[in-house]
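Predicted, not measured: the structure shown is a model, and the values here were computed from it. Below, each value reflects all heavy atoms present in this structure, side chains not excepted, and no hydrogens, waters or symmetry copies.
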Amino acid sequence: MAVSIPETAASEASTKLPALTALKREFIWGVSTSSFQIEGATQEGGRGPSIWDTYCRDGEIKNHDTGDVACDHYHRYAEDVALMKALGVQAYRFSVAWPRLLPQGRGAINEQGLAFYDRLIDALLAAGIEPWLCLYHWDLPQALEDQGGWMSRESVVWFTDYATLVAKRYGDRVKRFATFNEPSIFSLFSRSLGKRDHSADDKLHRTIHHVNLAHGAAVDVLRALVPGASIGSIHNVQPILPSTPADAAAAELFGAYWNQAYPDPQFLGSYPEIMLPGIQPHLQPGDPERIHRPADWFGLNHYSPVYAKADPDAMMGFNWGDRPPGLPLTPIDWPINAPAFGETLLKVHKRYKLPIYVTENGYGSHDQPDASGAVVDPGRIGFLRDYIEAMDRAVAAGADVRGYFVWSLLDNFEWDSGYSVRFGLTYVDYNTLQRIPKTSFRWFAEAIKAARQG
Ligand code: FCB
């Protein structure tokens, strides 16, 4: 299937490619998505419900949006692979919907679900794009949530069985695996960050510890079952800054939970000291070793610095803080700060000493087609160029960064905001499901081509 990339009039500023000095030709360029955010077909092909179907049904998402149709990628995956081929990416990070393979989370296997990812993986390989498979991007089967979800230590067994199924089915064709996407984000947010609920503190620690154990167990399974596997996990790393000097201790604590609760035990073998009082009650002999399994890479998602304040009424005593006035912001009000990205890459490189793949970075906005039907998004181009140049400078300064994936290939369902914000290089018309590559799509295609020519 061929797709056409529209020609659009663009200013010189929005066509200028990143000036790169340090990235090697074999640097990997990619795009990322996740199952619930793009697939749709939530009640098709034998899929069971996930916790996100429940959140949507309960009206927790802006405009009461749901994932029922999303980008209809379940039916249109071939067109989406053709888009990636036109973009010229070497790699595609996607996630498997656990409830598509195991509708009840464990037990009965859904062959139709397995076959969907066979088709996707085969189409990617035929297009010369390497599949990067993430096991968990937040869509826990509802049936498992009903049995305690990540609060139960049994979740480690459930996840190991699911990872075994994935490894056996796809390990002949897929070699790049991530265990979890941004575990700190789903654990902090599902455990009511910012709410007046101290009972959430213990739930948070259980979740963190069980997810870490599940990571370690999945690494072992993937390593044993997939010859040549390259395994990592994906963490959202952002500077956490105090809103005022009085918030310094709160920001430090927030930073430990946001940035270190997972990578420290997974890659260094221990939890940050500051977290130990909460974790200790759930720690069993041998647990640190079960979590600290050899990994091949650090998946780093980065958007923008976070501001924190002390709040004795909130979970763990920290909360979102006010931002200083006057920061440059994206159209969805996220601070733009490319140097902070470069510093984050260097810090993560020094701390964990693993090759880094930037598995998400991107720009949210409210793009709409213009009168000619083109979607012109110079803001996204400027953002991506600045961030890619900051990454290049970090590499020049010694950070071992080997790949960069834009979030996202397509506009898609966003966790709180539904379809009201757009992160794609490709515009999706949610009435017709038509895909329209934005100006940034063409720009990124040219940036990749130029970078690979060296
Ligand atoms: C990240 C998520 C991803 C997407 C982007 C905007 O935190 O991993 O699914 O929502 O933010």
Side-chain angles (χ1 to χ4, degrees), residues 33-71 73-74 94-108 110 113 116 134-163 165-166 178-195 197 199-200 202-215 218 233-234 236 262 315 412-419:
T33 65
S34 86
S35 47
F36 190 77
Q37 293 178 276
I38 63 167
E39 284 180 4
T42 52
Q43 288 162 53
E44 266 184 75
R47 177 186 177 280
S50 79
I51 53 175
W52 279 90
D53 297 290
T54 310
Y55 299 153
C56 292
R57 195 195 56 216
D58 293 350
E60 290 191 29
I61 314 303
K62 186 159 182 192
N63 301 324
H64 289 254
D65 285 339
T66 74
D68 288 351
V69 178
C71 307
H73 171 78
Y74 183 75
F94 65 101
S95 73
V96 167
W98 185 348
R100 227 180 249 299
L101 304 197
L102 295 158
Q104 295 305 309
R106 56 188 178 140
N110 177 33
F116 166 66
C134 177
L135 286 170
Y136 189 83
H137 200 125
W138 307 356
D139 42 359
L140 184 72
Q142 181 62 44
L144 297 182
E145 177 70 3
D146 296 342
Q147 293 159 66
W150 296 113
M151 299 262 295
S152 161
R153 199 169 160 121
E154 270 296 294
S155 57
V156 181
V157 178
W158 306 332
F159 191 70
T160 311
D161 290 348
Y162 162 56
L165 176 65
V166 168
T179 54
F180 284 87
N181 176 71
E182 297 188 2
S184 74
I185 303 304
F186 80 73
S187 45
L188 278 168
F189 289 86
S190 70
R191 300 272 77 96
S192 21
L193 172 64
K195 297 208 182 126
D197 176 8
S199 74
D202 184 59
K203 296 178 188 158
L204 173 67
H205 292 110
R206 281 177 202 267
T207 301
I208 290 171
H209 192 53
H210 298 153
V211 170
N212 271 323
L213 287 166
H215 158 84
S233 57
I234 296 171
N236 185 308
Y262 292 91
M315 180 176 73
N412 60 48
F413 173 91
E414 183 56 29
W415 304 105
D416 285 323
S417 328
Y419 301 102

Q) Y419 and T66: which non-hydrogen atoms are nearest, and at how many Å? A) OH-O, 2.7 Å
Q) So, for W138 and F189, is the gap between ring centers shorter than 6.0 Å? A) no
Q) How about D139 and I51: do any of their side-chain heavy atoms sit closer than 4.5 Å? A) no
Q) Would you call D53 and R57 a salt bridge, taking side-chain N to carboxylate O under 4.0 Å as the test? A) no
Q.
Do E44 and Y74 make a side-chain contact, defined as non-hydrogen atoms from C-beta onward lying under 4.5 Å apart?
A. yes
Q) Between R47 and E39, does at least one N-O distance fall below 4.0 Å, as a salt bridge requires? A) no
**Q.** Stepwise side chain to side chain contact (heavy atoms under 4.5 Å, CB included) test for D416 and K62
**A.** CA-CA 6 Å; D416 285 323; K62 186 159 182 192; over 6 Å; no
(Q) Nearest 0.5 Å, please: how far is CG in L135 from OG1 in T179? (A) 7.0 Å
Q) Are T207 and M151 side-chain neighbours, meaning at least one heavy-atom pair lies under 4.5 Å? A) yes
(Q) What I'd like to find out is whether the side chain of W415 reaches to under 4.5 Å of the side chain of I185, using heavy atoms alone. (A) no
(Q) If I take atom CG from residue D68 and atom CD from residue Q43, how far apart are they, to the nearest 0.5 angstrom? (A) 5.5 Å
Q: Report yes or no: does S417 contribute a side-chain atom to a donor-acceptor pair with the main-chain N or O of E414 at less than 3.5 Å?
A: no
Q) Just by modelled atom types, is the L102 backbone N or O under 3.5 Å from a matching donor or acceptor in the N110 side chain? A) no
(Q) The test is side chain to side chain contact (heavy atoms under 4.5 Å, CB included); show your working for L140 and W150 and say whether it passes. (A) CA-CA 9 Å; L140 184 72; W150 296 113; 4.0 Å; yes
Q) With side chains defined as the heavy atoms from C-beta onward, is the minimum distance between L188 and M315 less than 4.5 Å? A) yes
Q. Any chance the rings of Y162 and Y136 have centres within less than 6.0 Å?
A. no
Q.
Quick check: do V211 and H215 have side-chain heavy atoms less than 4.5 Å from each other?
A. no
(Q) Run F180 and C134 through side chain to side chain contact (heavy atoms under 4.5 Å, CB included) and show every step you take. (A) CA-CA 6 Å; F180 284 87; C134 177; 6.0 Å; no
Q: Could you tell me the separation between the CD1 atom of I38 and the CZ atom of F94, rounded to the nearest 0.5 Å?
A: 9.5 Å
Q) How far apart are the closest heavy atoms of G40 and A70, and which atoms are they? A) N-CB, 3.7 Å
Q: Would you check if L204 and S187 make a side-chain contact, meaning some heavy-atom pair closer than 4.5 Å?
A: yes
**Q.** Side chains of H137 and Q37 in contact at under 4.5 Å (non-hydrogen atoms)
**A.** yes
Q) Do any N or O atoms from the side chain of Q147 and from the backbone of A143 form a donor-acceptor pair under 3.5 angstrom? A) yes
Q: To the nearest 0.5 angstrom, please state how far the CH2 atom of W98 sits from the CZ atom of F159.
A: 6.0 Å
Q) Can you tell me how far OG1 of T54 sits from CG of D146, rounded to the nearest 0.5 angstrom? A) 7.5 Å
Q: Using atom types as modelled and distance alone, determine if a side-chain donor or acceptor of S95 lies under 3.5 Å from a backbone N or O of S35.
A: yes
Q) Going from CZ on R206 to OG on S155, what distance comes out if it is rounded to the nearest 0.5 angstrom? A) 11.0 Å
**Q.** Working for ring-ring contact (aromatic ring centres under 6.0 Å, His included), residues F186 and W52
**A.** CA-CA 12 Å; F186 80 73; W52 279 90; over 10 Å; no
Q. Hey, do the aromatic rings of Y55 and F36 have their centres closer than 6.0 Å?
A. no
Q) Of all heavy-atom pairs between W158 and G149, which one has the smallest distance, and what is that distance? A) CZ3-O, 3.7 Å
Q. How far apart are the closest heavy atoms of P99 and P49, and which atoms are they?
A. CB-O, 4.0 Å
